[in-house]
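Below you'll find the structure, written out as structure tokens, and then a few comments.
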Amino acid sequence: MKTELISKFLEKYGHEPAKNYFTPGRVNLIGEHIDYNGGLVMPCAVTLGTWLSIAPNNDNVIRFKSLNFPEEREFELQSAYTKTGPEWYNYPLGVFHEILKKHKLPVGLDLLFFGNIPIGSGLSSSASIEVAMAYALNDYFNLGYDKIEIPLLAQKVENEFIGVNCGIMDQFAVAFGETDKAIVLNCDTLKYKLVDCNLGDYSLAIVNTNKPRKLAESKYNERVAECQTALKQLNQEITLHNLCELNAEKFALHSHLITDPTVLKRATHVIRENDRVNLAAKALNEGNLTEFGRLMYASHQSLKDLYEVTGLELDAVVEFCTGYEHVIGARMTGAGFGGCAIALLKKGQEEDFAKKLTDFYVARVGYPAAIYISEIGNGASAI
């Protein structure tokens, strides 16, 4: 891909890039909708991602071009920017906005992006492009950001410039991922540990429902608000900064404070899902993939019944997987409302899985899903 990107850069700009970078997408293996509740999540980087080639220019401008989108923009190099609409280049532009608050760049930049993450699928294409831009600027101009500051900066861009109240998980995973490792991340403290994720005889199948999930336009912010309501009501008797400070036993003692049954369901999912992450890490450490798969199914059921973020498409994928003998675990991944599901699929069954799932899914939903087989890959890097 690097060779092709250099060739395209030369074609579009008339000169070769100075440096090239890659940042992956991510899937969350388990621990969904608890990142913004201060809980534990278990993401991993995948081998789909964003490539970025850069070169300096003396025109004092930033030029954004992509092999995925027709829109191209040029901005004068200045101290601040504002979001200009829904176009893709607003994500890297937000990174410039944040970095230029503290740093003056000596030259303009010509930029070329390419990604093979399905857009709007829940595999963190936005986090991938934000971290790619932040990592590249930090590396190329030697700005001095340490490894943890890169995902924090990218999260701030997502929250304040783009306007999505996401937690830190996506940006952290695409920055810190390592081959054949899952990350157990405490989203409150940012303490993390790497867990061996040797899938052995199984592969990670990613199933894109092909129902676009536009996060900023979804009910994501509504779920955040419902969790904040639960926290406020619990704080009538106890002092909490985040819902995930509670375990199931303590939550049972105080759950009567949550008066709205819908809000109670949301909080119940959060507490139980946080516990599942610990159990999943234990299962991986013991090499017990059967137990890990069971926890994946339990997670999806909770997201369906208690958090209500799955829908026809994601439920159809997981329903098929429960009846397919060569899958030992499946669940939605990401924010839901469409996007992707993941499954632990026996190696050698990829073709059979794709055919039978496609037939089932088309009959249930009316159009096909897209199926990818991925490895667990590395985080952001120069290439």
Side-chain angles (χ1 to χ4, degrees), residues 25-34 42-44 46 48 116-125 199 202-215 217-220 222-223 262 265-266 268-269 272-273 276 280 289-290 292-374:
R26 70 95 187 95
V27 296
N28 192 27
L29 295 171
I30 198 164
E32 215 66 76
H33 280 282
I34 55 176
M42 189 188 283
C44 66
V46 295
L48 306 171
N116 61 358
I117 305 171
I119 304 301
S121 63
L123 299 183
S124 298
S125 56
L199 298 181
Y202 291 85
S203 297
L204 188 65
I206 301 171
V207 182
N208 183 4
T209 64
N210 284 326
K211 179 185 180 183
R213 179 201 46 77
K214 297 184 184 296
L215 194 57
E217 299 170 12
S218 74
K219 294 187 177 181
Y220 182 95
E222 181 182 302
R223 294 296 181 274
T262 297
K265 287 201 298 184
R266 308 297 188 246
T268 301
H269 163 76
R272 292 178 181 173
E273 184 79 348
R276 275 189 285 269
L289 288 180
T290 300
F292 186 77
R294 186 194 69 79
L295 291 164
M296 290 174 70
Y297 281 132
S299 172
H300 184 86
Q301 197 65 38
S302 180
L303 289 157
K304 177 184 177 183
D305 296 337
L306 297 178
Y307 222 68
E308 298 179 280
V309 293
T310 59
L312 170 67
E313 296 82 5
L314 288 163
D315 290 340
V317 174
V318 174
E319 181 184 340
F320 170 80
C321 289
T322 59
Y324 185 74
E325 63 178 326
H326 301 298
V327 167
I328 58 170
R331 62 186 293 277
M332 60 156 271
T333 188
F337 312 108
C340 287
I342 55 173
L344 296 182
L345 172 66
K346 186 85 169 177
K347 289 178 179 175
Q349 300 299 321
E350 293 85 358
E351 191 174 324
D352 183 67
F353 174 77
K355 182 184 184 307
K356 290 178 179 174
L357 171 58
T358 297
D359 291 345
F360 181 92
Y361 189 80
V362 169
R364 181 64 58 88
V365 176
Y367 54 85
I371 299 158
Y372 308 86
I373 305 298
S374 178

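Worth knowing before you read on, the calculation uses all heavy atoms, side chains too, and leaves out hydrogens, waters and symmetry mates.
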Rounded to the nearest 0.5 Å, what separates atom CZ in Arg26 from atom CG in Leu48? 12.5 Å
Note: Ala354 and Ile371 closest approach over all heavy atoms is CA-CD1, 3.5 Å
Can we say Arg223 and Glu32 salt-bridge, meaning some charged N sits less than 4.0 Å from an Asp/Glu carboxylate O? no
How close do Ala369 and Val207 get, heavy atom to heavy atom, and via which atoms? CB-CG1, 3.9 Å
Quick one: sort the Tyr367 and Tyr361 rings into parallel, tilted or perpendicular, breaks at 30° and 60°. perpendicular
Can a donor-acceptor pair be found between the side chains of His269 and Asp305 at a distance below 3.5 Å? no
Minimum heavy-atom separation for Ile373 and Ser203, please, with both atom names. CG2-CB, 3.9 Å
Salt-bridged, Lys219 to Glu308, with N to O below 4.0 Å? no
Using only atom types and a distance under 3.5 Å, with no angle test, would you say the side chain of Thr209 pairs donor to acceptor with the backbone of Cys340? no
Is it true that a side-chain atom of Glu273 and a backbone atom of Gly31 form a donor plus acceptor pair closer than 3.5 Å? yes
Would Asn28 and Thr333 count as having a side-chain donor-acceptor pair, cut-off 3.5 Å? no
Check the pair His300 / Asp315 against side-chain hydrogen bond (donor to acceptor under 3.5 Å, both in side chains), numbers first and verdict last. CA-CA 8 Å; His300 184 86; Asp315 290 340; 2.9 Å; yes
Backbone N or O of Leu306 within a donor-acceptor pair of the Arg266 side chain at under 3.5 Å? yes
Looking at every heavy atom in both Glu350 and Leu345, which two are closest together, and how far apart are they? CA-CD2, 3.9 Å
Does a side chain donor of either Ser299 or Arg276 reach within less than 3.5 Å of an acceptor in the other side chain? no
